[in-house]
Amino acid sequence: MTDEAMSEMSARRRFGLGGVPAQFGLAIIIAAFWAVFAWRAPGFLSPFNLFSVGRALAVDIVIGFAQMAALATGGMNLSVGSIGVCAVMTGGYLMQTLALPVPVAILGALGLGAALGWLNGFVIARSGVSAFIITLASANLYSGAMLILTKAVPLNSLPMEVGAFGKMKIAGLVSPLLVIALAVGLVLFVFYRHSVLGRQILAAGANARAAKMSGVPVDRVITISHALSGLLAATAGMMVVAHLGAAMPAVGGEDWLLPSFLGPVLGGTPLSGGAVAVAGTMLGALLVTTIRSGLLVLQIGNYWLQLYLGVILLLAVLVDRYRALYQERRGIPMR
Amino acid sequence: MTLFRRLLLVEWSGLAVAILLGALALSVIAPNFLTEFNLYVMLRSLSVGLLVAFAQMVTLGVGQMNIAVGALGGLTAIIFGATIELYGFPLLLAIPLALAIGALGGLINGLLTARTGVNAFIITLATASAFTGINFGITGSIPFYKMPASLVAFGDHHLGAMPYLLVAPLIVAFLLGLFFSRAAPGRELLAFGGNPQAAELSGISRERVVVSAHVLSGLLAAAAAVLAVAQLGSAQPTIGADWLLLSFAAPIIGGAALTGGHISVLGTLFAVLLLGLIQNGMVLAKVDPYWVQFVLGALILAAVGLNRWRAVNSGVA
């Protein structure tokens, strides 16, 4: 291995996963938004708003993780929202209709999410067809099946403790959902950095052929990544159930598509695979949640929100692109 | 080469058989199917879908995609409606303007994709969100209702079972067929989609190809939007919201390769017809409308599997 490649490796190792230097700019942008919103909208820093920002952030973070898990292999998962809503309705069904204990119902919903994700991964790995088209099709299969089975009827009388958990405040400010999201982040960070499987996933995402030649079971690794993506999507779904205190067939779906990409991409996860930015995804999600909440408090209305999110995603992609070009020209290894 | 193998190579052969069998089955099962009115309703509902499918097919041809097809359609539709209702533009001015806006949106997509080299998926996902944001920001999700009588009449009238609306997409299909089979720029698009490196080495400009594909895609999305306004009789901000799946389903079922370089205008046309037939059949059979989404998803998977099977069996891949 040449010295250059070595130095690139070590640079990747230093900045690739946590990716703190790459996310420095993102943190500054978030701070600027917080400053503006705190100044223009006094209610923004109220304990009530901070609590609801934190709770929404929890869901955005986990949705981002669900996409990140698929991006790590160089694929993507357009069915994040569909798996999410399938988990929501399954969880609701198990709790309300079958009256199973809440933890069992949650496990069942998470299991379904993992299974649906696994099915995506299995078909992708077996057929060799792009993840885009497989998950576009499966998104519609899953959502369609959910609608056929539930007839789009929401489940409103879940056990009381579900809604109570969503309203719970730790130290009067922090939602336990946010704690769960951060814990998931920590687990993922350790998983991708220190576990053999995590390293194998990143190796397969970076260069599937090279990974295969070095003995990585690429197909299995892709399937597992998609199962993980489904599991995380289902986790986000259960968080929404706790938040709403009900299982609604209208959550998830296409509404999760943009946020799921915003978090990881803003955070510096490359679409080409081979690297993940766990901390970056959390920051990316924080930016999304901040803007959504800020516009709400400023009463600008949800109508323009999509424009801002779209423009921010574009800017992030462009900035990232030009930073890479600049570094290439200066001879600094990327990331 | 046996006859069977040769037939396998014609993408739309299977589709044509499926359509014939489907139509035959429907006419036996549902007596209403062959009525002039039912056929008119079915064909009318296909008109917009055809243009939507073509809009995506063009970007698939160069090996890219356009997630913003629906968002651009929605934005074009409400600007079209606004110029008519608020500013009193005549149709002869409003329609070219709407098409120009679609082309402009496509130009933005194309330039961003070509200049940055970033994946078209993420660029058009972002611009889709921006277009939708502008659409809902301007309208507050309130439609424009006062459309000229001539436009609404164009959306309603029909000659026998043949709706006037269908004329536009058929002309477009003919032109696209000529463009991709006979015209040099069309051949260049496909050559680039098939092998970007080889195409660039033979002097095809990457930027020109990518930009023109996206401009054409935007133009077709805008044309679809104008037809949708004519069909609905009002400019709804939600036009385009449900175009994404169909836009990919039809070209892929029609035999387009996701990797680029290979598309089929006739295949796409037949695929839209088949999807319309299925939807119509489900309505006639009073199937739960929730099944539509499920069936569309299943059809894409089946088509992808079939395309691979055909590629392997005909020895092309």
Side-chain angles (χ1 to χ4, degrees), chain A residues 71 76 78-79 82 123 126-130 132-152 249 253-254 257-262 265 270-272 300-322 324-325, chain B residues 60 65 67-68 70-71 108 112-113 115-119 121-141 237 241-242 244-249 252 258-259 287-305 307-309 317:
Chain A
L71 290 176
M76 56 175 78
L78 300 187
S79 66
S82 299
V123 175
R126 271 297 164 87
S127 69
V129 176
S130 75
F132 171 83
I133 202 70
I134 297 291
T135 55
L136 178 72
S138 72
N140 286 278
L141 278 176
Y142 299 161
S143 285
M146 183 277 297
L147 288 171
I148 292 164
L149 293 174
T150 64
K151 309 245 181 269
E254 281 188 28
L257 187 63
L258 186 71
S260 80
F261 279 97
L262 272 165
V265 172
L271 285 171
S272 47
I300 291 180
N302 251 340
Y303 291 133
W304 292 102
L305 174 68
Q306 292 235 313
L307 173 62
Y308 293 117
L309 292 184
V311 169
I312 282 170
L313 179 56
L314 270 184
L315 288 179
V317 171
L318 295 187
V319 167
D320 192 57
R321 187 69 202 155
Y322 285 108
L325 282 179
Chain B
L60 288 176
M65 51 180 80
I67 305 293
I108 293 171
L112 283 172
T113 311
R115 288 273 166 88
T116 63
V118 174
N119 193 329
F121 169 79
I122 206 78
I123 295 280
T124 54
L125 181 71
T127 57
S129 178
F131 294 148
T132 308
I134 297 171
N135 173 351
F136 283 91
I138 292 176
T139 59
S141 81
D242 56 353
L244 184 69
L245 181 68
L246 174 75
S247 81
F248 282 100
I252 288 171
L258 270 173
T259 44
V287 176
D288 199 335
Y290 295 135
W291 277 93
V292 174
Q293 202 181 13
F294 184 84
V295 169
L296 260 180
L299 267 179
I300 297 183
L301 278 186
V304 169
N307 281 353
R308 281 196 70 80
W309 179 81

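In what follows, chains carry the letters A, B, and so on, assigned in the order in which the sequence lines appear, proteins first and then strands, with residues in each chain numbered from 1. Just so it is clear, the structure is predicted and the values come from calculations on it, not from any experiment.
The shortest non-hydrogen separation linking Gly140(B) to Tyr303(A) is O-OH, 3.3 Å.
At a 4.5 Å heavy-atom cutoff, Leu299(B) makes no contact with chain A through either its backbone or its side chain. Interface remark: Leu125(B) contributes backbone and side-chain atoms alike to the contact with chain A (heavy atom separation under 4.5 Å). With a threshold of 4.5 angstrom between heavy atoms, Met146(A) does not approach chain B through any atom at all. Neither the backbone nor the side chain of Leu149(A) has a heavy atom closer than 4.5 Å to any heavy atom of chain B. Residue Leu318(A) touches chain B through its side chain alone, counting heavy-atom pairs closer than 4.5 Å. For a residue to count as touching a neighbouring chain, one of its non-hydrogen atoms must lie under 4.5 Å from one of that chain's; by this rule Phe121(B) touches chain A with the side chain only. For a residue to count as touching a neighbouring chain, one of its non-hydrogen atoms must lie under 4.5 Å from one of that chain's; by this rule Ser130(A) touches chain B with the side chain only. Residue contact with chain B, scored on non-hydrogen atoms closer than 4.5 Å, involves the side chain of Phe132(A) exclusively.
The structure places CZ of Phe136(B) at 12.0 Å from CH2 of Trp304(A), a figure rounded to the nearest 0.5 Å. In this structure, Leu257(A) CG and Leu244(B) CG are separated by 8.0 Å, a value rounded to the nearest 0.5 Å. Rounded to the nearest 0.5 angstrom, Leu301(B) CG and Leu141(A) CG are separated by 5.5 Å. From Leu307(A), atom CG reaches atom CG of Asn135(B) across 11.0 Å, with rounding to the nearest 0.5 Å. Atom CG of Leu136(A) sits about 7.5 Å away from atom CD1 of Ile252(B), to the nearest 0.5 Å. How far CD1 of Ile133(A) is from CG of Leu60(B): 8.0 Å, rounded to the nearest 0.5 Å.
A heavy-atom distance below 4.5 Å is not found between the side chains of Asp288(B) and Leu147(A). Contact check for Leu271(A) versus Ile122(B): side-chain heavy atoms found under the 4.5 Å cut-off.
Comparing Val129(A), Ile148(A), Ile134(A) by how many heavy-atom pairs each has under 4.5 Å with chain B, the most go to Ile148(A). Your options are Ser129(B), Ser141(B), Gly305(B), and the one with the most heavy-atom pairs under 4.5 Å with chain A is Ser129(B). Looking only at heavy-atom pairs under 4.5 Å with chain A, the residue among Thr139(B), Thr127(B), Leu258(B) that has the most is Leu258(B). Note: Ala152(A) leads Ser138(A), Ala139(A), Ala152(A) in heavy-atom pairs under 4.5 Å with chain B. The most heavy-atom pairs under 4.5 Å with chain A, out of Val118(B), Leu112(B), Leu245(B), Leu296(B), come from Leu245(B).
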